[in-house]
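None of the values given here were measured: they were computed from a predicted structure. Residue numbers begin at 1 in each chain, while the letters A, B, ... track the order of the sequences.
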Amino acid sequence: MAKNLLIVESPAKAKTINKYLGKDFQVLASYGHVRDLKPKEGAVDTEHGFTMAYEVIERNEKHVDAIAKAAKLADDIYLATDLDREGEAISWHISEILKERGLTKGKQLHRVVFSEITPKAIKAAVAAPRQLSHDLVDAQQARRALDYLVGFNLSPVLWRKVQRGLSAGRVQSPALRMIVEREEEIEAFKAREYWTIEAQLKHADGDFTARLSKLNGKKFEQFDLTNETDAQAARAALKQAAHGRLTVSDVGSKERKRRPAAPFTTSTLQQEAARKLGFTTSRTMKVAQGLYEGVALGDEGNVGLITYMRTDSTMLGDDALAELRQLIVRDFGAHALPDAPQVYKTKSKNAQEAHEAIRPTSAMYTPKAVAAFLNDDQRKLYELIWKRTVACQMIHATLNTVSVEFALRDVTGGDASFRASGTTVIDPGFLAVYEEGRDQKTEEDDDEGRRLPRMVVGEQVPLHEIAADQHFTEPPPRYSEASLVKALEEHGIGRPSTYASIIQVLQNREYVFLDSRRFKPSDVGRAVSNFLTAHFTRYVDYDFTAKMEDELDAVSRGEEAWVPLMERFWLPFKQQVDEKTESVDRNEATGARELGSDPKTGKPVSVRLGRFGPYAAIGTKDDEDKPTFASLRPGQSMHTITLAEALELFKLPRQLGQAENGDEVSVAIGRFGPFVKQGSTYASMKPEDDPYTIELPRALQIVAEKLEMLANRLILDFGNGVQVLNGRYGAYITDGEKNARIPKEQEPKELTEKQCLELLAAAPVRKGRFGKKTAAKKTATKKAAVKKAAPAAKKTAVKKASTKKKAAKKTATKKTATKKAATKKAVAEKVEA
DNA sequence: CAGTGAGCGAGCTTCCGCTTGACTT
């Protein structure tokens, strides 16, 4: 039996290290954090020194048990979790758990750290153990408690003032704010007109263009020409002065170096994979995880191809550097190798640098060599990582920029000049392998790769034309996933392990949504953000996290105690929460707007945010008769809607007349979009139909189509509730409870009752709407279930469920009561539905 | 499936960071 137990966070890492340490060691993984605050109110006791109530994370229980079991048999236990704040805390939690279970008597607990996974580094780490740093653990606990307190106090304010179920937090709220403020900038943006003037020249060695750089004796600036009249006048004057040619007045050339980009961190990998491969952040992370965990490489077996993908460091290990330099000489020649390895400083604030940069585990696994063993996504991402890493250790590129100036005196006597430049590559250096993508093109990018004809001062170049072009300034672009991650990282908000999930949270809450891969805020998102920014400014400030980090650093260095730090934060924060809960008006919090008055009644028309989203109202609740309401249509926003658009909404439902049988026919917009109603039949309108203009004949046609579809629905009926039906996705079998698919080769009409029963028996139980709840996916499933259940559940179902739940709570004595009750609730609703 | 938008005030929602799998549409 191994006498030594070593614990790391990631199972893939555990496997690798196991190989290095031999059989005296058993290496186990904690799978991340092992304990966390109880996810309820009161987990941080603000009255008594911020005592924190922890519990083992359910999902990781089996891993904790495995560690405990191994610890029992080991003499020495090495806690080798990551060397950052969170890693230190994980080690501390594990040691606390082992102590609680009485497993540490007579054993040595060692804390060891390393930042690269090589046999040398691991052995050196094990040979130099230290004690747990309680200062670092304190800093982590302060971080954890603060996040909990911010989230669990701000969110309830939103439930009261804006909408139930909303959330706020130290990270998600500033992230949301960025998106909302960008949208407001765009709305407030006024495009400005400007004109550029360009000379098109015909040189014997090739045509090229030159931009106007000087006009009337002054440097030509962006807004010097802002209308067509001026621009055309300037163009005409220049053209006249030129007389069909321009004279070279100056030729200059400048050599420039371009340096390769730093090796990938999580954030830069996500950005570059978005730019070059079109991957979302979560797709990038998923693919990277696969490369990290290992890929079967033929005879070589399973090989981890890249280092850890959640990192904020640009550091490369010595062994990796040596290998990269060897490869560069081998594949690109000695001249491509700089004298010394290139070292990159980590730029991001609050970097913890627990791991290396993201790099290939071995540069010798060239993209070509491993391509056959990878799927498409893996191949693309691996190639990107490999090239970026190799390039970062290659020599800089040397570029030469040639500028040619053409001076002329225009007819009014003012000096003017045109300038052309072209950039050529003298020595490509790292560019032979890789160049970082750009978010936006600049003028310089246009010049790149352009080679001008060789020209000398005094030379006359024939002029083809002088053109004036109209342009308009553009608003700043909306954030994409990648540019949001970049902005977050620049402010030190969020961590490599959370960038992808921050984006998920904002979307799950329906604060923001992607439109052509750019983030737009929803009305709820804007309400939440503006409310928080106005009333909790300090806590959703972009540098709140940075300030917190400074304080936590002081704690981790032992210069400050964490409890006083917490008190300084908590007391004013709590006071603010209480005060705002009292004082803020709900209409103000939700961003209600008055649009004007209804021409028919003279009553005020307003837009508000209600339980079911944004709506318009005519009149107020203080009026004698009730106000009338209408939901905003998808795509409309309460911030941009006009009075006329709002009034349109009240034109529905429209009565169109009567069907042949005397049924009233009307159109309206429901939860599922526009529909026609005839008697008690509802039929959805097609996207090309407009509910405001549709007329009776077309409406009747839609209803007829629907009725026909219903009539054709039944294929077979066996009389015992088992039916074969035609559905949206083709024929299927149902017994009312669950549905079964029909094998491809089977003709639905020829099914026998026996066949149907067999297929039904084999079909999976329908989990759909109220999904069974597994511990691992607690939150996700729950959310989905609640969301779908809420509008559908009948009142009776809800009532039944809650009484059941009470019963469950009474009988169950353990702390799992709530969870059990929740499962029961789901069952109860299912039965009811 | 096709309303709603205040409320009697029950009981509910919510954070950030570390890690991986098990789920269907």
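If you find the closest nucleotide of DNA chain B to A/Arg143 and to A/Gly165, the one lying nearer the 5' end belongs to A/Gly165. Taking for each of A/Phe152 and A/His33 the nucleotide of DNA chain B with the nearest heavy atom, the 5'-most of the two is the partner of A/Phe152.
Side-chain atoms of A/Glu9 lie closest to B/dT19 of the nucleotides B/dT20, B/dT19, B/dG5. With B/dG21, B/dC15, B/dA2 as the choices, the nucleotide that has an atom nearest any side-chain atom of A/Pro39 turns out to be B/dC15. Distances were taken from every side-chain heavy atom of A/Tyr615 (C-beta onward) to each of B/dA6, B/dC16, B/dT19; the shortest belongs to B/dA6. Nearest nucleotide to the A/Phe629 side chain, out of B/dG3, B/dG17, B/dG5: B/dG5.
Taking the six-membered ring for Trp and thresholds of 30 and 60 degrees, A/Phe531 and A/His535 have ring planes inclined between 30 and 60 degrees apart. Under the 30°/60° scheme for interplanar angles, the aromatic rings of A/Trp92 and A/Tyr54 are found to stand perpendicular. Under the 30°/60° scheme for interplanar angles, the aromatic rings of A/Trp570 and A/Phe573 are found to be tilted.
Atoms CD (A/Glu58) and P (B/dA22) sit 16 Å apart, rounded to a whole Å. In this structure, CG of A/Leu37 is placed 15 Å from P of B/dC18, rounded to the nearest angstrom. Summarising the geometry, the separation between CD1 on A/Ile502 and C1' on B/dC16 is reported as 9 Å, rounded to the nearest angstrom. Here B/dG21 presents its C1' atom at 16 Å from CE of A/Met285, a figure rounded to the nearest Å. For the pair A/Glu549 CD and B/dG17 C1', the interatomic distance rounds to 12 Å; values are reported in whole Å. When rounded to the nearest whole Å, the span between OH of A/Tyr54 and C1' of B/dC18 equals 13 Å. Rounded to whole Å, atom C1' of B/dG21 lies 17 Å from atom CD of A/Glu61. Rounded to a whole Å, the CE atom of A/Met638 is 17 Å from the P atom of B/dG5.
For B/dC18, the OP1/OP2 oxygens have no side-chain nitrogen or oxygen of A/Arg59 closer than 4.0 Å. Distances shorter than 4.0 Å separate some side-chain N or O of A/Ser497 from OP1 or OP2 on B/dC18. Neither OP1 nor OP2 of B/dG17 sits under 4.0 Å from any side-chain N or O of A/Gln140. Remark: A/Tyr148 is not in phosphate contact with B/dG17, judged by side-chain N or O atoms under 4.0 Å from OP1 or OP2. Distances shown here put every side-chain N or O of A/Arg164 at or beyond 4.0 Å from the OP1 or OP2 atom of B/dG5. Side-chain nitrogen and oxygen atoms of A/Arg310 include at least one within less than 4.0 Å of the OP1 or OP2 phosphate oxygen of B/dT20. One finds a side-chain N or O of A/Arg495 lying less than 4.0 angstrom from the OP1 or OP2 phosphate oxygen of B/dC18. The side chain of A/Ser155 places no N or O atom within less than 4.0 Å of a non-bridging phosphate oxygen (OP1 or OP2) of B/dT13. Under 4.0 angstrom from either OP1 or OP2 of B/dT19 there lies no side-chain N or O belonging to A/Ser10. Put simply, A/Tyr499 has no side-chain N or O that comes within less than 4.0 Å of OP1 or OP2 on B/dC16.
How far CZ of A/Arg593 is from OG of A/Ser606: 10.5 Å, rounded to the nearest 0.5 Å.
Nucleic acid contact for A/Ser30: none, since no nucleic acid atom lies under 4.0 Å from a heavy atom of the residue. Counting any heavy atom pair closer than 4.0 Å across all strands shown, A/Pro11 reaches sugar-phosphate atoms only and no base atom. As judged by a 4.0 angstrom heavy-atom cut-off over every strand, A/Gly169 is placed among residues touching the sugar-phosphate backbone only. A/Val150 comes within 4.0 angstrom of nothing in the nucleic acid, heavy atoms only. Counting any heavy atom pair closer than 4.0 Å across all strands shown, A/Tyr292 reaches sugar-phosphate atoms only and no base atom. A/Gly290 comes within contact range of no nucleotide atom at all, as no heavy-atom separation falls under 4.0 Å. Nucleic acid contact class of A/Leu158 (heavy atoms, under 4.0 Å, all strands): none. Residue A/Ala668 is out of contact with every strand shown, counting any heavy-atom pair closer than 4.0 Å.
Atom CZ of A/Arg538 has 12 or fewer heavy atoms from other residues, nucleotides or ligands within 6.0 Å. Open room surrounds CD on A/Glu41; 12 or fewer heavy atoms of other groups in view lie less than 6.0 Å from it. Crowding of A/Lys15 atom NZ: a count of heavy atoms from other residues, nucleotides or ligands under 6.0 Å not exceeding 12.
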| request: Check step by step if salt bridge (charged side-chain N to carboxylate O under 4.0 Å, His left out) holds for A/Glu549 and A/Arg85. | output: CA-CA 11 Å; A/Glu549 287 291 342; A/Arg85 199 164 64 203; 2.9 Å; yes
| Stepwise, does the side chain to side chain donor-acceptor pair (under 3.5 Å) test hold for A/Ser637 with A/Asp523? | CA-CA 6 Å; A/Ser637 158; A/Asp523 282 348; 2.8 Å; yes
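Within residues 82-92 of chain A, the residues that place at least one heavy atom under 4.0 Å from DNA chain B are, in residue-number order, A/Asp82, A/Glu86.
For DNA chain B, there is no stem of at least three Watson-Crick or G-U pairs with distances under 3.5 Å.
For the 3.5 Å distance criterion, the side chains of A/Gln289 and A/Tyr308 fail to qualify, holding no donor opposite an acceptor.
Applying the side chain to side chain contact (heavy atoms under 4.5 Å, CB included) test between A/Asp82 and each of A/Glu88, A/Gln352, A/Lys13 identifies A/Lys13 as the sole match.
Using a 5.5 Å limit on the distance between ring centres and a 30° limit on the angle between planes, the aromatic ring of A/Tyr31 does not count as stacked on the six-membered base ring of B/dT20.
Residues in residues 169-178 of chain A take part in these side chain to side chain donor-acceptor pair (under 3.5 Å) pairs, two or more places apart or across chains: A/Asp147-A/Arg170, A/Ser167-A/Gln172, A/Arg170-A/Thr545, A/Arg177-A/Glu181.
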